[in-house]
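In what follows, chains are A, B, ... by sequence order, proteins preceding strands, each numbered from 1.
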Amino acid sequence: MRMSNQFGRTLRQAPADAETISHQLLVRAGFIDQLSAGIYSYLPLGLRVKKNIESIIRKEMDAANGLEVLLPTLQPADIWETSERLFTMQDVLFKLEDKRGRTMVLGPTHEEVITTLFSKFANSYRDLPKILYQIQTKLRDETRPRGGLVRVREFTMKDAYSFDLDEKGLDISYTSMVDAYHKIFSACEIPIISVEADSGAIGGKGSQEFIFLTDNGEDTVLICNQCNYAANQEKAEFIRSEKISTQPLNIEKIETPETTTIDQLTNFLKIHKNDTAKAVLYMAIPRNEDKPFPIFAVIRGDLEINEVKLMNLIDARELTPMTDEHLSQYDVIPGYASPIGISSEIRVIADISITETENLVAGANEVGYHFINTNYSRDWTATDIADIATADEGYICAKCIGEEKGNLRSARGIEMGHVFRLGKTYTSYFDTTVLDQFGKQSTPIMGCYGIGIDRILSATVEEHHDKNGIIWPEKLSPYNIHLTALNFNQDSAVAEKATNLYKRIQAEGLSVLFDDREENPGVKFKDADLIGIPIRITVSSRNNADNVIELKLRHSETSEKIRDENIIQVLQQFF
RNA sequence: CGGGGUGUAGCUCAGCCUGGCAGAGCGCUGCGUUUGGGACGCAGAAGCCCUCGGUUCAAAUCCGAGCACCCCGACCA
């Protein structure tokens, strides 16, 4: 590619709204351009990197016996009705109507389509196992796109779906995908940790996320400093810090004016947060209905409610804090809410921390009063007792074996990939069955496996850059070689030699970005650094006088001179 | 959806407070000089000052409404 013929330009300054390094560099180097919130165009350079990522993924998917398909983006809404996700995923679905007034959906993901397709062609256990995958555009009406390519409304995803006869088969498919993922991320040179994850709206039993750790990430993960436990904060388990066990004392109502928060309460009574019971009131919207119901969550005062755990427990798709109208409707006194004497209309959920701690201070459901020495089961009970607490930095690992337990460390990261054991959710919805070897109908069990391609692009830049620009890993680089010709328009010897070299390198099967522009050397070097191709060679009048070509690796400070006749051979050694 | 911020040339931004000719740097075009880390000179092109409405003799500037974009949170396959 001759740069004189390139489309797109490098920028000295990044646009003001690019916050993260990867966003800034990708825009400055002319790889992507923003059209609207969460909607980007790929320029020629960016598209070449994207294609490289896709081919790495294809290679590993094919090696894992995946079969590539391409499923439609435009989908009739009725298959989404069948899976009930027209309802449960309504917030992210782009919907439209065709001429006949039929509702259509722009695919945010493809479980419905793949299951429909699979049902048509698979009849027998002999058709199993199968792993089908595609690399496709996904459309999701995100409430808040952010971070350049990190959270967008239109993006490219590799999604794979496995179909097996039983759990054992699923294990094999799942493991082969996990292995493939590790190979993919390693080829892209992105450090990844895999963590236990919540499966969210997609459903299913177990899932694992592949997280790229970065302070710009939007997910929080907790990692044990002793065992190999790591989990998304939405899912992470921990052991409640122990409190010295005491005998239950008599419950007593005391005056506590102006103490509507845990902080005020602990200051006023000169006690610790873990001596209190905190009440959090929500209206929950059930997964498959619109009618909200009230929830009273109780947790020890030093802990925070984990809304994901809570929603999973009560099978809700949304939690919103109770408004003043709701509070008065259920006779709850804000700031003094109490599980003791609560309206029976409200479902009470207690975190396990509550039942393990004696003599807690709780609200009295009366302005200006709290109860001291409340004890679970003696003074009140909950509808459910469960783990609904958020794990955080320094908490005790729940998975360590033995006496010495590790502590959890908290880190931010970006979800690059997610694998799910889906189970029979979709095959059941779509009545997908095959005959097993005994001639009986059997419902296949599914797994699904996603990787965000645009996110790999972003993460790679986050991981591989310096103050001058991007430093692409060899396999992702838009071109193999960056050929810089200084004085291209003034020195015909340079022009001739560089042009010849350009052709010879291509004849070797390598791709070259050829800077034949009429620009000062400084501009060419700055652009080369910004664009980040790992190998740069320079032809110049100065080098010509010595019959050498200069070779510099992007990640290195120094360069070396290669004799003209050796340059091709030297370049070949890199590939 | 809640909170905060920003909309002026392709990009970064000044001008707005205190109403009176539409500005700078970078980029772009032409000519010339320069040529190993974003070089210099001269001459140019480039604007719906986000939109609509209001106040005013006069609005980029003041007032109102709306829209867009960014950040934090909520949400998130």
Side-chain angles (χ1 to χ4, degrees), chain A residues 8-20 23-24 27-28 30 33-39 80 83 85 88-93 107-112 138-148 150-153 155 157 159 161 197-204 207 209 216 218-219 232 234 282 285 307-308 311 316-321 323 414-415 417-420 422 425-426 448-452 467-469 484-491 494 517-530 536 538-545 550 552 557 559 561:
Chain A
R9 176 185 301 123
T10 56
L11 301 175
R12 204 178 279 236
Q13 285 162 301
D17 38 10
E19 283 265 319
T20 61
H23 190 191
Q24 288 171 4
V27 172
R28 277 190 58 208
D33 178 72
Q34 178 170 12
L35 177 64
S36 180
I39 304 176
W80 287 81
S83 66
R85 292 209 293 185
T88 57
M89 285 181 71
Q90 56 185 312
D91 289 344
V92 293
L93 281 179
T109 173
H110 285 78
E111 282 79 15
E112 284 77 2
K138 309 285 184 195
L139 295 137
R140 297 179 184 179
D141 197 359
E142 292 288 345
T143 33
R144 178 151 113 76
R146 71 170 102 193
V150 168
R151 178 157 296 274
V152 288
R153 295 191 291 175
F155 59 98
M157 185 174 175
D159 46 327
Y161 305 89
D198 180 69
S199 20
I202 197 166
S207 86
E209 283 170 339
N216 297 324
E218 51 178 4
D219 281 305
N232 192 307
E234 295 175 349
Y282 295 102
I285 302 178
E307 296 186 358
V308 174
M311 283 194 286
R317 71 184 150 89
E318 198 177 324
L319 284 181
T320 49
T323 60
I414 299 172
E415 176 188 350
H418 201 157
V419 294
F420 302 81
L422 271 187
T425 313
Y426 294 92
C448 96
Y449 318 89
I451 290 186
K467 65 180 193 319
N468 296 315
T484 306
L486 304 186
N487 267 319
F488 184 83
N489 290 286
Q490 283 71 34
D491 185 335
V494 166
R517 296 174 301 169
E518 188 168 354
E519 289 286 355
N520 278 309
V523 173
K524 295 193 173 194
F525 289 140
K526 286 285 182 192
D527 276 351
D529 285 350
L530 185 56
R536 184 184 87 198
T538 304
V539 174
S540 71
S541 313
R542 210 167 78 182
N543 290 334
N544 273 356
E550 187 174 328
K552 182 180 173 299
E557 291 290 312
S559 61
K561 314 269 183 179

When you compare [N] with [M], how far apart are their [atom1] atoms, in angstrom units rounded to a whole number?
N      : M      : atom1 : result
A39(B) : G25(B) : C1'   : 16 Å
G10(B) : U56(B) : C1'   : 35 Å
G7(B)  : C63(B) : P     : 15 Å
C52(B) : C42(B) : P     : 39 Å
A22(B) : A58(B) : C1'   : 16 Å
A24(B) : G4(B)  : P     : 36 Å
C49(B) : U8(B)  : P     : 11 Å
G64(B) : C71(B) : C1'   : 26 Å

Considering only heavy atoms and no angle criterion, is a donor-acceptor pair shorter than 3.5 Å present between the side chain of [X] and the base of [N]?
X         : N      : result
Asn468(A) : G37(B) : no
Thr143(A) : C75(B) : yes
Arg146(A) : C71(B) : no

Quiz item: For the side chain of Ser540(A), counting heavy atoms from C-beta on, which of G36(B), C70(B), C72(B) is nearest?
Solution: G36(B)
Self-check item: Closest listed nucleotide, where the reference is the side chain of Asp529(A) and the choices are U12(B), G37(B), C69(B)
Solution: G37(B)
Practice problem: Starting at atom CD of Gln13(A), determine the distance to atom P of A14(B), rounded to an integer number of angstrom. | Solution: 12 Å
Practice problem: Take nucleotides 38-43 of chain B nucleotide by nucleotide from the 5' end and write B, S or -, depending on whether a protein heavy atom sits under 4.0 Å from the base, only from the sugar-phosphate, or from neither. | Solution: BB----
Quiz prompt | ring-ring contact (aromatic ring centres under 6.0 Å, His included) against Phe155(A), all qualifying residues, sequence neighbours excluded | solution = none
Exercise. Please check the phosphate of C76(B) (OP1 and OP2 only) for any side-chain N or O of Arg317(A) closer than 4.0 Å.
Key: no
Quiz prompt | Side chain to side chain, Arg517(A) and Asp527(A), heavy atoms closer than 4.5 Å | solution = yes
Quiz item: Do Arg146(A) and Val152(A) come within less than 4.5 Å of each other through their side chains, counting heavy atoms only?
Solution: no
Exercise. Sequence neighbours left out, what passes side-chain hydrogen bond (donor to acceptor under 3.5 Å, both in side chains) with Asn216(A)? Give chain and number order.
Key: Glu462(A)
